[in-house]
Each structure stands twice: as C-alpha cells, then as structure tokens.
K.L.:
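To start, I am sharing the structure in question, which I have written as structure tokens.
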Protein chains: 4
Amino acid sequence: MLHFENDYNKGVHPALLQVLVETNQEGVSGYGTDPYTQSAIEKIRRAIKCHHAQITFLSGGTQTNQIAINSMLASYEGVIAADTGHISTHEAGAIEFSGHKVLTIPHQHGKIFAADIEQLLADFYADANHEHMVHPGMVYLSHPTEYGTLYSKAELTAIEQVCRHYQIPLFLDGARLGYGLASPESDLDLQAIAELTDVFYIGGTKMGALMGEALVFTKNNQPKYFTSIVKQHGALLAKGRLNGVQFDRLFTDDLYLELGRHAITMAEQLKEILQEKGYRFYLKSPTNQQFVIVKNEELTRLTEAGIAYGFWEKYDDSHSIIRFATSWSTSQADIDELRNRL
Amino acid sequence: MLHFENDYNKGVHPALLQVLVETNQEGVSGYGTDPYTQSAIEKIRRAIKCHHAQITFLSGGTQTNQIAINSMLASYEGVIAADTGHISTHEAGAIEFSGHKVLTIPHQHGKIFAADIEQLLADFYADANHEHMVHPGMVYLSHPTEYGTLYSKAELTAIEQVCRHYQIPLFLDGARLGYGLASPESDLDLQAIAELTDVFYIGGTKMGALMGEALVFTKNNQPKYFTSIVKQHGALLAKGRLNGVQFDRLFTDDLYLELGRHAITMAEQLKEILQEKGYRFYLKSPTNQQFVIVKNEELTRLTEAGIAYGFWEKYDDSHSIIRFATSWSTSQADIDELRNRL
Amino acid sequence: MLHFENDYNKGVHPALLQVLVETNQEGVSGYGTDPYTQSAIEKIRRAIKCHHAQITFLSGGTQTNQIAINSMLASYEGVIAADTGHISTHEAGAIEFSGHKVLTIPHQHGKIFAADIEQLLADFYADANHEHMVHPGMVYLSHPTEYGTLYSKAELTAIEQVCRHYQIPLFLDGARLGYGLASPESDLDLQAIAELTDVFYIGGTKMGALMGEALVFTKNNQPKYFTSIVKQHGALLAKGRLNGVQFDRLFTDDLYLELGRHAITMAEQLKEILQEKGYRFYLKSPTNQQFVIVKNEELTRLTEAGIAYGFWEKYDDSHSIIRFATSWSTSQADIDELRNRL
Amino acid sequence: MLHFENDYNKGVHPALLQVLVETNQEGVSGYGTDPYTQSAIEKIRRAIKCHHAQITFLSGGTQTNQIAINSMLASYEGVIAADTGHISTHEAGAIEFSGHKVLTIPHQHGKIFAADIEQLLADFYADANHEHMVHPGMVYLSHPTEYGTLYSKAELTAIEQVCRHYQIPLFLDGARLGYGLASPESDLDLQAIAELTDVFYIGGTKMGALMGEALVFTKNNQPKYFTSIVKQHGALLAKGRLNGVQFDRLFTDDLYLELGRHAITMAEQLKEILQEKGYRFYLKSPTNQQFVIVKNEELTRLTEAGIAYGFWEKYDDSHSIIRFATSWSTSQADIDELRNRL
C-alpha cells in the first residue's frame, strides 16, 4: 500500500529513533526535568530567537490545545476560531469540556482574517448585554490550516494587531508547522511566529516524532504553576525524556526544517502528478496536504490500486473531496510509484 | 415611566403576594419538602395531564437550562439549538461552563425546524470521523422564542419525531410559556407540550412570580438523585416554600393561563397602536413581545416621552430594533397612556 | 408544632414583607441594577465601614460558597476548611463539581486554628513533590460554625496573619453571621470581619429574608466581570430587586443586628430551659443553635409533645445529638410553651 | 550513579525497543485502530482470561485514573480511596478538576479494608441528609499500593463483595501491577483481578514501556462512545501504534510477568542488603519498592556514594523516609555495586 492518507502513518524518523536507542539505558529524572528536555528547550529557544520562551512538551494536538486555551482563559471567556478550526470540529468538544465556548467565525480556505475578528470583538463590546455573553478572550488559528493553507506575514500581523488592541492573546496551532515553514509560499519563519503570537506549538507527531508537541509561551506569559496544570490534565509524562530526546534531535542540525522541506519537495511532485492525471483540485494548497474532488467511483479504484488516501468530506451526491498527504516519510520511490498507479 | 421594556420589571402578582403573606408565619420543612411545593406539583401534574411528571422548582431560566441540559447529556454530547437561542447567546456560556457545546443551526424568526435538525444528526452519523466530534445529544428550543414567535403543533411534532428517531430528548424552554399558550395563534396546550417533549419548564419569573421556574420531566426520565444534582449546582433553596407557594397559586383557578391571556390582550392593543402610529415591525410576533425598527433619533424621543422600551439590536447604521413587551402587570391604563405618548 | 428544628422554617420578617409589598408595583431594572440593590449595597458598605466593598446578592449559601471559591481560585488550587465545614460535608460536592478540592483539617467544635492552617501550608511548600499536589489557595471558615461556635478576634486575626503571610485569601461564610455578632461572647463586629477577611458573606436566608446572601469583597479583589461569572453559574436573578429590597431593609435601623440579638435572647432562655430540664449539652454554643445528647426514646417523646427539633447525628447506639435552634422568628410565647412541653 | 530512586528512570525494555524498530516503517492507521493495538488487546484478553474485556491504551497513570473515574461516575458521585492513595495526594487534584470528590478513608500501610468501606457506605445511606452529600460511587485502590504493599485475594474479595452489595464499581490502579503479581506473597493473578474488579489498569510506564497503561473494563461496562471520551480528555494518540506495539510485545511470551519477576528477585536481594547494612524498614513491602528510615545525614552520604534514592517524606526532625526501588531495568551488577557502596 502506498501511504498518502495522512502524515502520521509511519513510526519515527530514523534520526530520532537512533537517539532514542542511544540514550535508552541512561537513568534520568522524570516529569520533564531530564537533561534532554532541558537541552531541547534551549535549542528551540535559539531556533525561534526567543531566549525567555517558556516551553513544555505535551503528547498530542488536542491535549495541547485544551491545556493552552483552558489555562489562559478566564472562566467566562471563549476562544475565537474558524468554524473549520480543529478545536471547532474534530476534538470531541475538548474545549467545551474544559468550560469554554468556541466562538466561530467563517473561514476562507480554512483561514480567518483580522477584519472578521475585529468585528466580533467590536460587536461584543458594543452590545449593551455583553456581560450576559461569552467574552472573546483569545484568538486561535492553525498554520498551516486544516486545508493546508498558510497565513502571510501581513495577515498574521494584522491579526496580531487586533489582539494587541483588545489585549487578548493570539494562539497558533502548529501541528504541521514545519510543513508551513518549508513552503516556498511562506514568508513566515519561526522567529516571526514567536514574535507575532503569545503562545504557539511546534508539532512533532506529524513531523517525524513518535508523538509530542512543544508548547511555547513567548511573552513571559506562561500561567503560574504550569506543571501543576499539566499534571491536573493528566498530561505530565513520567518519562518526559521521550519528548525531550526527540525534540532535542529535531532541533539539532535543522532537522525539523529539513523534514519540512523534504515533505514539500514531495508535495510539489505530488501536485504535478495530480495535475498531469487531470485531477480537479478543491483548493490551492502550498503545503503537504492536497485536496482533490473525485467521482465516488474513483474511491474504489484508488483502493484497488493500493493507494491509501484520506477521505475528507462529501462534495456532492456523486463526488467526494479526498486528501493526499506527503510527509517526512514520503520517499521518491513512493512518489514514482504513485505516478505509475494513479 | 411607562414600563414596556420587558416582562419582569414589576414585583409579584397580587394573588401570589396574598398567599405569600397568608402563609408567611407557618413553619414548614425546607429544601422543597414543604406541603405547598407538594401541592404545586400535584396541580401542575393535573394541568399538564401527566400524572407521573417529575417536577422541580428552580430560580431562573439560565439555572434551569444549565441543570436540565447538564444533567441529561453525557460528557461527550452537545445540545442542538437555534443560533439565536438563549443558551447560544445570552447565558454567558453557562452551557459550555458545565462542559457541553451548543451545536447551533440557523433560525427563522427564532425558530428551528425538523429538517435542519435531522440534517445535522444525519450528517453527524454519516461522518467517518464522528467519534472525534461532539455528539448531538438533545434538542433545545424556546417557546415562545426569543423573537416572540411560536411553534405550531405540526412543527413541534415533526421535531419530536426526529428526536424519537435518533433517541435524543427534546427540551422546551418555557420562560414565557404562558404568553405562548394564550396566543390566539397557538394550537399547543400544556398537555400537548408535556406529551411532545421529554423535559420542559414553565416559566414563573416572567409570568407574575417573584422568581421561579418549574422544571418538568415528562417521561419518567428525571436523572437519578436529582436533588443532589440541584444542590451541587447551588440551586437548592432552603426556603423552597417561596417557589412552592407561588406556583401553587399560579396553578389554582387557572391563574397562570389567565395571566397569559391578559398579557396577550394587552399585546393585541399594543400591536394596533404601533401599527396606527406607523411603526415598522421587524417580524410578526403573536405573543407579548413586539419588535419594531426605529430610527436611532426615535430612541431619545421615546425616553423623553417616558416610555421604557427594550433595546434589542442594531438594525443598520441609522436604525435600531427595539422591543415593546406587555406582561401580567400591564394595565389598560398603561396601554391607553402609551397611545397618548407614542 | 413548636418550631425549633432550624432557623429557616418561617417565611420572611414582617418588616421585610412590608417593603416587598410597598415596592411591589414599581417598575425597576433587572439583574441587580435596580435602585434598591444599589441602596442596599451603600447601607452595607456603611455598616461594615468599608466604602470600597464590592457587594453582590446571591440566592443561597451553597451557591455563594461555590461562586466565591470557584471565582477566586486558580484551577490547581484547593480551599482549606474544617472537616466539618459546610463545603466539606453538606453541599453535595459543589466545590469539587466546580473543579476544586476541599483540603480538610481537623476541627475543634467546628473551628479551625491558625497553627493547623500554617502547618498545612508549610508542609505543602516543604514537599519536594508539591507541584504534583493540590495547592492550598484559600482558607474557608464559617462564623458561627456548623456547631454554633464563634471565633474570637484573636483567633481570626491569627488566621488572617497566616493568610497574609502565604498570600492566600480568607473567606468567611456568614450564613448565620447575625447570630454570631449578637452573641454576648462575640468580640467581633462587622467592621472587624470586613477588615480581617478578603471576602465574606452576610447571610439573609437564616436571618429573616425569604432568601438571599450578600457576598462582600473587601479588598478591591472582586474577580473581573463578576456579573458574567454569576450569570454563568445560573445565579443572576432577573428580579434582583427581591434581594435588594430585603437587604435594604435588613440594613435599615440596624434591623439585621436587632434580629440577631432577639434570637440570642431567645437562645439564652432556651439554654436555661434545657439545663433546668437536665439535658446534656454536646458542646457549649454561644449562638442560636444548641446541641444536646438525648436517648433515642426521647426523640419520639419530643415529636409527640409537638416539638420540632433538628436531628444532627448519631452519638452512640442508644443516643443521638439533636439541635434546637432559635431565630428571628422565635417568640417569647414559643419559648414559654417549650418550657411547658419539655 | 546507581539508579534506585524509582522504576521509571530508564527508557524502554530492549525487547520492546526491538519491535518498535522493526515496525517503524510500516504504515498503519491511527488513533488505536492499527493491527498492533488489536493484537495487544487480544493478547491481554487471553492473559486475563476475560474474552469480552474492553481495553484502551492511555499514556500515564493520572490520565488513566481521571478518565476511568470521570467516565464511570455520575456528577454527584465521589470515589472512595485511601487517604494515601495516588488520586488523593499526588495527581494535582485531577479527580476534583474533573468534578468529583475523593472520599478518603484511613489506610494501613497504604491499604484500605472492606469494613471501612462498608462503614462509609452504610453511614452515607443512614444519614437523613445524604442527598446533600457526595454520593460514594466507586472504590479506588492501588495494587501494589503507594507503599508497595499488596492485597490478598481474601481482602480484595471482601472489598468486591461490599461493592457488589452497594452496586458500585471497584477500580484497581495497577501502575505497578506486574511487580505485585510477581511477588511471592501474592495470591492474586491477572484472572482473579479481572474477575474481582469492574475496571483496572495494567501499568506499562513503570514496567518497561516508554509509556502506556492498558485500561481494562471487565464487565461489559465500558462507558458508551469511550473513544470520544478519551479524545475529549486530550488523551487519544494519533500514533496509537506506540502503545499497541509495546503492549503487544509485553504480552508475548509472558514478558510482562517475567519483568515483574526479575524486579522482585532484585528486590529480594535489595532487602537482604538493606537488612545486612542495618537499615530500619519503615514497613514490610513484598514488592519492588522498599522504604527505610534514615538519619538526615545519611541522605548526603548516599548521594556522595553515587546512589540515587527516592525521598518519600519526613519521618521526624532528624529522620527521613526514603525509597529504594528495583525495576525491570535493575541488573545484578547494579545490586552488587549497591552492596559495595552502601
């Protein structure tokens, strides 16, 4: 089977596996106090050029979103997000479960815009009854978005300015951040993201780690006693080394960005192939996820051809939107074989 | 000042005040175990023709909505509601605070329809990823709605059938139920409401009580140990008699319905006056709340004329939507004077 | 039946009833923005000699405890309380329901002491694992306690100093505060309580109101957007006037303290009678609640004599602890008749 | 440094590492739907002789406790546990954070007993006010306990019978289950534990896995839509294979029990050494954790000798209780060297 269904179907990148093996027999302290975790934190601080960043390693995206949002909001606050945002749709209500409303605004190709955010905030404060309403207390966006699209530096800066004006934090979900940074269309780097956001995370699970996300507070704004908060959410790993060792390696020799570039190179070829073969794109994505509209019959054909794809959503009664994703683990051979089989 | 701003600006109906005075010196047991509460429960059971109904008196609408929804939903379930529903907009996130998402669908004049509810449920179960989503676990609607509109028996029956099919409860918020029942356009009575819903509440606060809502479970479906649940929400009054005495009187000699009819009679005159004076209606409401679109200058004029109205929302840059409400306490003199001053 | 079972079996004090009747037909604004509520706040500020106090009226003790505690604690914090404290035992887990642990320490006759509180705090900070533990974030005590006992000014000051040292707020539950203030053994007045605590509440439900508690933040420390917090808990009454009017009267002409003194005068006589009749006191209470140990056979005899008492707890297999309570509503005739019947 | 401070200071057992390496390049489906997870479930079912067991892999002990307890309790229920239980002390209030009180009873060497549990339950139901109290809805115990002690089959059966009688589930926290099963003093095997409990977990993190706990529902009693519940807690790993592959190997060729036996063999030698060297045991532990009381000066000496121990708690002003733990990773060489250095 050719695996293009998502970016988390393989195990761990060989370089990370190697350091896991090499460090396996060392006895280290638990709960993220080990030297690998400390080293990973330092390397990320340097990579994002934010030396006071406060960094915690967590296990997955929903957990990271829940902890970041829940720990930063007051009880009466909600989080502004795209109606297609991951927290709005595919986290089984993890944000509401922790007490907060997701205040949705319409998306364009998965993105939200400063003007719409500002309108929501202005309307809230203009409403005579706003004390009876959920207060907008944070902005959440994903970069790349759920549709693989990217914010430009200008767009992100505009959103940041609205947040500054209303004094609410900007949170960037970077589950696939590396694939965004490596895109030729991106004008944002890690430093810019650290500067423009109040908190963001650098995804590991979809970028070659067994699991792990690095949650970064950039403005000396990590909630007090954050370890207790993480523990209380059931998210503090006894063997914190597992995340520490992997992120330490991801941020050695620019591996994180290199993995991103590799996946994007593969995605460029994937796009060419899809175009050659006459597939109709659902939207133009500059990152590792490509969405095409196919006839429903095509779904069976792909499976029979041994091509794993991701089903995204129904397009109309006879068509579906499907996803092809490349990743750190996609090889040139995979791509070549895909060309043969499509 | 002429009070047309809402239906809760006066104290308590004289008949209720009288029984509060008469019973004041009696020593009774606490926490809703007093004889007045028991008598009120029996009278409501007879009025709704549901002898096994399980009834609890609570203090206000948001509290009642929160307890009903939170006690009936599983942790992973959300409640379907109109995007204009009270729980969606004006309860400061009380539903999310208790852990549940409000799954909104578009309204028409405050109402939601069986077809849209069914579509949401069908889409949910058809989605391959639905275990990663909030499960739709209940339908909430208000009757009359936030815009004063009413469901017909056919519309409510259609919604009930969708709920039956998907085995989720139907909850009717009756904060202004008496004003709905008394409308000439209503073809629903208390019995029909008890039969068609799984749980509903009979509003007292806006229907002549000092406060109080009667939450009614109609299908032997009151969550176990409901007193503990109410206590845990901080909603169990030591002097439960306060609600018991008032509802006992409201359901004596059909007072509840009589108060509804009075307000509707007043509202019919109000509508005539508004029409005579050339006001433009925002929508056609068959109950005690009337919404009109006025120039913003008119707002000042009304206030100067000693007429209290409810500001509803901005219509456009130069116009506002405002509400005039009658209630159990609106007198013919109030109406006549309004005609003079408008 | 002679009602000595508790202090909330009658309705409302006649003076409060009178103002409720007098103001009943006035149209006022809702949600606590009415002039009676504002007047009540001003009168309480004067009574407690704390002109910047932030005051909110709520409906009952559990609701008030839950909102005060939940709104002041961080998610990882718990509240220190006596193991017999109301929040520890008889609120159906309302504190835990809102996410916080009650950190219990042993009581003496319902009271807790500075030394034990300090020990708990010192142990917590000394524990190498304290980030894995619930942080003690507040001290809760009731005055009078659940056993009717009182803190001396010295005792309360000692607790306040521990709280200052560890920078955690001190919260005093005053469900029966008036009965404490009026006790001849009390050396605390409202001003001292306002000075020594960070937040406290003045109970109305057990002091002659139909319901209502005045929650007072004394150090400009009311959590931001407190109205939204109250709303979110389902605790914001549309007819806030109900509490406003009652507290406005309670704090006119020193009525609140007068009601306390009356109940204490009655309690002094009650104690004499119990002593004369040879009852064995469970403990020495200087307030309106008196606890005696009786043979189980006595329980039936009391009921047959038409005396309502409060069952407190099993003492041993053949004895029970029962409570006799006086209140604002206990008359000299009640006391005289009790002497006859006992 | 000789690592005796805990049982989670090394990485992963070589056999597990090997299968992680071997399966690393396979593309598998996510979220626990992969074939390794399915295989691991089947092997555990066979090992516990419970073919209908419902098994979910989670990341750590606190997360597992929180999800098991929160998903099984009604909102008004609490969980009975030893006052020294992990959920009572060292989970940063994770249980209360999810809304539930921990109802503590006194321990003996970390254990609780049927008689005390029954007393708590009987007292609860005998209390006239029990609807105002937290309902005891579950029993939690850890096996081995936090002090390394074990329940006998008779003791666990007695607790099970109390739970049956009161119809509440029994939950066994098996973070170190393998070390308990392998103890020569144990008369409980996996089958007995599956039969006697309603839900338990088989700890991986402390038994040779990188992380992972297998939560087992044994009575067809897994809460409905458990995947959604896990997702909502932020606990659903995209690469569920990580747990699946490890548990599949742990339950191949009896490795899990073998690792337990190894640690116990090492612990037997450790006990001998401690005894020889004149250490005073705090209590008699039959498993891998040994607690001794040492003079505070000894703490420095141990560190200087390169021996890592776990600080447990202060014993008195001049003594401390410390822990020495063996594990799957303790070698004969470690033990021999410990003998030299102690």
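If you're wondering where the values come from, they're calculated on a predicted model, not measured in any experiment. The sequence lines fix the lettering, A, B, ..., with proteins before strands; numbering per chain opens at 1.
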K.L.:
For B:His90, which atoms come within 4.5 Å of any heavy atom of chain C: side chain, backbone, both, or neither?
P.N.:
backbone
K.L.:
Got a donor-acceptor contact below 3.5 angstrom from the B:Arg341 side chain to the B:Ala305 backbone?
P.N.:
yes
K.L.:
Please look at B:Ala209 and chain C and tell me whether the side chain, the backbone, both or neither of the residue comes under 4.5 angstrom of a heavy atom of that chain.
P.N.:
backbone
K.L.:
Keeping the roles fixed (side chain from C:Thr326, backbone from C:Ala263), state whether a donor-acceptor pair exists under 3.5 Å.
P.N.:
yes
K.L.:
Hey, does the side chain of B:Arg249 reach the backbone of B:Leu16 with a donor-acceptor pair shorter than 3.5 angstrom?
P.N.:
no
K.L.:
Does C:Arg241 use its side chain to pair, donor to acceptor, with the backbone of C:Tyr36 at less than 3.5 Å?
P.N.:
no
K.L.:
Sort by residue number and list every member of residues 93-100 of chain C having a non-hydrogen atom under 4.5 Å from chain B.
P.N.:
C:Gly93, C:Ala94, C:Phe97
K.L.:
Heavy-atom cut-off 4.5 Å, strictly under: side chain, backbone, both or neither for B:Leu210 against chain C?
P.N.:
both
K.L.:
Tell me whether B:Asn288 contacts the main-chain N or O of B:Ser327 through its side chain, where contact means a donor paired with an acceptor under 3.5 Å.
P.N.:
no
K.L.:
When you check the side-chain N and O atoms of C:Glu91 and C:His86, is any donor under 3.5 Å from an acceptor?
P.N.:
yes
K.L.:
Measure B:Tyr31 against the heavy atoms of chain C and call it side chain, backbone, both or neither at under 4.5 Å.
P.N.:
side chain
K.L.:
Does any N or O in the side chain of C:His262 come within less than 3.5 Å of the main-chain N or O of C:Thr330, such that one atom is a donor and the other an acceptor?
P.N.:
yes
K.L.:
Please classify the contact between C:Ser29 and chain B as side chain, backbone, both or neither, with a heavy-atom cut-off of under 4.5 Å.
P.N.:
neither
K.L.:
Using non-hydrogen atoms and a 4.5 Å limit, figure out which bit of B:Val245 sits close to chain C: side chain, backbone, both or neither.
P.N.:
neither
K.L.:
Does the ring centre of B:Phe4 sit less than 6.0 Å away from the ring centre of B:Tyr309?
P.N.:
no
K.L.:
Short question: side chain of B:Asn24, backbone of C:Val12 - any donor-acceptor pair under 3.5 Å?
P.N.:
yes
K.L.:
Using modelled atom types and a 3.5 Å cut-off, is there a donor and acceptor pairing between side-chain atoms of C:Thr23 and backbone atoms of C:Val19?
P.N.:
yes
K.L.:
Looking at B:His13 and B:Met207, would you say the former's side chain and the latter's main chain have a donor-acceptor pair under 3.5 Å?
P.N.:
no
K.L.:
What residues of residues 60-76 of chain C sit under 4.5 Å from chain B when you count only heavy atoms?
P.N.:
C:Thr62, C:Gln63, C:Gln66, C:Asn70
K.L.:
Only one of C:Phe200, C:Tyr201, C:Phe171 passes ring pair (Phe, Tyr, Trp, His ring centres under 6.0 Å) with C:Tyr140; say which it is.
P.N.:
C:Phe171
K.L.:
Is the ring pair C:Phe226/C:Phe217 parallel, tilted or perpendicular, if the boundaries are 30 and 60 degrees?
P.N.:
perpendicular
K.L.:
For B:Ser329, is it the side chain, the backbone, both, or neither that has a heavy atom closer than 4.5 Å to a heavy atom of chain C?
P.N.:
neither
K.L.:
Among C:Lys206, C:Met211, C:Lys239, which residue has the highest count of heavy-atom pairs closer than 4.5 Å to chain B?
P.N.:
C:Lys239
